[in-house]
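Below, all heavy atoms of this structure are taken into account, side chains as well, without hydrogens, waters or symmetry copies.
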Amino acid sequence: MDTKSKSSRAAGVLISFLVVALAAAAVFVSYPVVYQNYTRNNDQPAQMSSFVRRIYKANFVLYWELQERMQQKTLRPSEVLLPGFEASEQNILDGEEVLIEFEEDVYFTVSEQNSVTVTGLLDSAVYEWQAYMADSMPNLNYIIIDDEKKTYVSSDNELLVMEPESIQDMESYIAESFRCLIALKPYADGSISIEYIYGCNESSFLSYYRSNTLDNNLWNEMGLYHLGPEYEESLVLPSGVTIIYAVPNQMVLNDVVAYWFGESEALNFAYAGLDNVFLAAGCFVALCAMLLPIIKQLRLGELRLAKIPCEIAIAVGCIAIAMYEVVYETAFNTASGSFRQYLQDGGIPDPISTLLLAAFNLAVLMVTFGGMYVSVLSLRQIIEGPGRYFRERVLIGRFFTAVARKVKKCWKALLDIDLTDSSNRLIFIIVAVNFVVLALMCSIWFFGIGVLVFYSIGMFLVLRKYAVEVKKKYAVLLKITRQMSEGNLDVEINEDVGLFNPLKEELQEIQSGFRKAVEEEVKSQNMKTELITNVSHDLKTPLTAIITYIDLMKDPNLTPEDRAQYLDTLDRKAQRLKNLIEDLFEVSKASSRNVTLTLADIDLCALLKQVEFELSDKIEASGIEFRFHLPEEKVIARLDSQKTYRIFENLIVNITKYGLPGTRAYIDLTDMGDRVCAVLKNVSAAEMDFDTTEITERFVRGDKSRNTEGSGLGLAIVKSFTELQGGTFEILVDGDLFKAVVVFWK
């Protein structure tokens, strides 16, 4: 990936991070405002309908317990609350089923067959409420005192000091010790008066209480909707007592009261405006996740998180939404100062505790909004094509797509089975026969076991015979391959090896390939030997001449004219040695592809004219008449101008060296549309008895006596430079006619 793509992707990731961070910061800074709204309009747990409903039921339990204490004997609840009715007289109506509610959403059904009476139902209900108070509401402290203040029932002796007349003077103690405290006096008509209330709104409490008294009286609480009004009129309601209920600051058990005054406070904080802020921030994050990928430069669609499977994306989104409970719990405890107090109690002072709380809250919020962002970013790709999304991004879709692909592949494989092939036909017959035999054996039940024994024996004998034949044919192939590995490439394979016939044909191809490789290796070794000989000869000739003339120049009696002549000869031989080494170096680089091409659109007509002009002296000295047949219009090809110039220069110089003086040489250039063809023809001065495939090799010359000035590298350079530019070079000989054909693709 290039630097620009990486930068674009990094910018997309950064913008995504900023979106999530902005949403988290917006929610975090809203904590003080939400908390202020919460403290101003807080619906305290003590005034919730569920709490007041349980207080209403508890009144009956405590009133019954007080009457037992006052009469100093064990009483059934019905003896206190429904006096005057004998237990044997209050049967349930015949054929009726009665639904009784012990607690919210906890019901049981009784009928005539159970011999349940009205007084029995009342007793059961009060006993159940008593057990519920002991098991599920141990954090609720209470005391009930009769009006004469002689008898009481209490769960907390500290409440004994709180008499209605003096309770107003204990507000500081109550604020330090309790979360809420309610002192109420019930009356025989079902109403109550509030003697004192703390931590709760009096009007809200009374409203919920009256709702339970008028609309959900004791009978309805028990689910006794079918009984007559005489039972309701006979019910004795608690009166002549004062009841105090209190919830302490320090709750020792994790009961329903602790849940109301812990969880519900945080939930009320969320309802005070945090839910709206969180929803707005979540919508902002989701909207950004939908719209930002439209900007292609950000490359958000290429992120791995944007390509997670649909099921995982949905799970991440659900977890992010479920994190809201953690968010509002954390927010409430942060805004209320609970977390800060906890850190300070642990020895972490401000401002470090403040910074830690800010970091923790932002981390929770960023994880939540980050999950939402990733989920929406991944799921939005369904708009690019539901079908493709289902196949590529949905795990179930991937599974079914893979299964469909496998089934299709198997079906295609079945259709492609060639039953005309002997091996396929044999396998098909064996499988079909095996299926028929097994089907028959299954149809005759127990007797099929005996048939299966004989069938298995027969199958073993047939397979054993077939395995022996395969083993023999394999041994034949193994013997032949062993002989080939020992160097015998002429071994023949005449036997029919059946299943291994395709392998036999491949071995024959290997034999042919080995023979060709050996011939090529022999040829290569011969060419290497000849190359060494030619290099030695061509380098040795000018070097020997240089050494000889240097020795001659050491003669002190050498005349100036001779010295000048020797220097001229030395210069020519040195230049020849230099050119020879340069040509050798250049053709070696071209052969190894270690050449850098500078491609450009060049006009081959103009290039050939330039070569003709610069070689005009050699052309004139050769005694050969050159005829250039070039198109009038430009012939453009994308080539390296220097390498192409060298190709035509070497070919024309080759004509001036080896062409027959007094003859003509023809240079034709033809534009063939998608390629350009250059043909150079001349008559050779010497008889051409060489192999045209070898003349382009390094240090191979048509003049085998090597008396001319050539290096044997000219045509090798032409071939290498032509092929390096994607073209072709070919030598054709017809008697004394020498033809060089160069083809370049445009």
Side-chain angles (χ1 to χ4, degrees), residues 4-38 266-267 269-308 312-337 339-340 343 350-383:
K4 185 176 180 181
S5 299
K6 290 182 179 178
S7 300
S8 299
R9 180 175 293 183
V13 173
L14 178 60
I15 291 175
S16 300
F17 178 82
L18 291 177
V19 166
V20 174
L22 181 62
V27 175
F28 179 69
V29 298
S30 71
Y31 287 1
V33 177
V34 173
Y35 189 75
Q36 184 178 5
N37 188 44
Y38 160 76
L267 194 58
F269 173 80
Y271 291 154
L274 184 68
D275 51 354
N276 295 328
V277 177
F278 184 85
L279 180 61
C283 291
F284 168 73
V285 169
L287 186 63
C288 290
M290 289 292 296
L291 298 180
L292 284 177
I294 297 176
I295 306 174
K296 300 297 184 182
Q297 293 81 357
L298 297 179
R299 311 175 73 89
L300 289 176
E302 299 178 7
L303 297 177
R304 290 186 178 180
L305 290 176
K307 298 179 180 180
I308 60 177
I312 297 178
I314 293 175
V316 169
C318 292
I319 292 173
I321 294 173
M323 282 284 290
Y324 178 61
E325 184 174 353
V326 179
V327 169
Y328 73 69
E329 286 277 1
T330 305
F332 174 73
N333 286 289
T334 300
S336 64
F339 278 168
R340 181 179 288 104
L343 292 176
D350 276 335
I352 297 177
S353 59
T354 302
L355 293 175
L356 288 176
L357 283 176
F360 177 71
N361 279 269
L362 289 173
V364 171
L365 289 167
M366 289 190 68
V367 169
T368 303
F369 290 124
M372 294 181 184
Y373 184 86
V374 169
S375 179
V376 176
L377 185 65
S378 177
L379 293 175
R380 75 170 297 279
Q381 297 202 18
I382 195 173
I383 65 178

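Inter-residue side-chain proximity for Val13 and Leu303 is flagged as met; some heavy-atom pair is nearer than 4.5 Å. Looking at Val27 and Leu274, their side chains come closer than 4.5 Å, going by heavy atoms from C-beta outward.
Ser336 meets the side-chain hydrogen bond (donor to acceptor under 3.5 Å, both in side chains) test with Ser338; sequence neighbours excluded. Partners of Phe339 under the ring-ring contact (aromatic ring centres under 6.0 Å, His included) rule, at least two apart in sequence or in another chain, do not exist in this structure. With sequence neighbours excluded, the residues forming a side-chain hydrogen bond (donor to acceptor under 3.5 Å, both in side chains) with Asn361 are Tyr31, Thr334, listed by chain and number. In this structure, the side-chain hydrogen bond (donor to acceptor under 3.5 Å, both in side chains) partners of Ser16, at least two apart in sequence or on a different chain, are Tyr373. Leu362 pairs by the side-chain contact (heavy atoms from CB on, under 4.5 Å) definition with Ala24, Phe28, not counting sequence neighbours.
In this structure, Asn37 CG and Ser30 OG are separated by 11.0 Å, a value rounded to the nearest 0.5 Å. One finds the CD1 atom of Ile314 at 7.5 Å from the OG atom of Ser375 (value rounded to the nearest 0.5 Å). Ile383 CD1 to Ile294 CD1: the interatomic distance, rounded to the nearest 0.5 Å, is 7.0 Å. Interatomic distance, CE of Met372 versus CG of Leu377, reported as 15.0 Å (0.5 Å rounding). To the nearest 0.5 Å, the span separating CE on Met323 from CD1 on Ile321 amounts to 12.5 Å. Going from atom CD1 of Ile312 over to atom CG of Leu305 covers 11.0 Å, rounded to the nearest 0.5 Å.
Judged as a ring-ring contact (aromatic ring centres under 6.0 Å, His included), the pairs with a partner in residues 277-300 (not counting sequence neighbours) are, in order, Phe278-Tyr324, Phe278-Phe369.
The shortest heavy-atom contact between Val20 and Met366 is CG1-O, 3.5 Å. Of all the heavy atoms in Leu300 and Pro293, the pair that sits closest is CD1-N, 4.0 Å. Looking at every heavy atom in both residues, Arg380 comes nearest to Met290 through NE-O, 3.0 Å. Val277 and Ala26 make their closest contact through CG1-O, 4.2 Å (heavy atoms, listed as atom of the first residue, atom of the second, distance).
A side-chain donor-acceptor contact under 3.5 Å links Asn333 to the backbone of Glu329.
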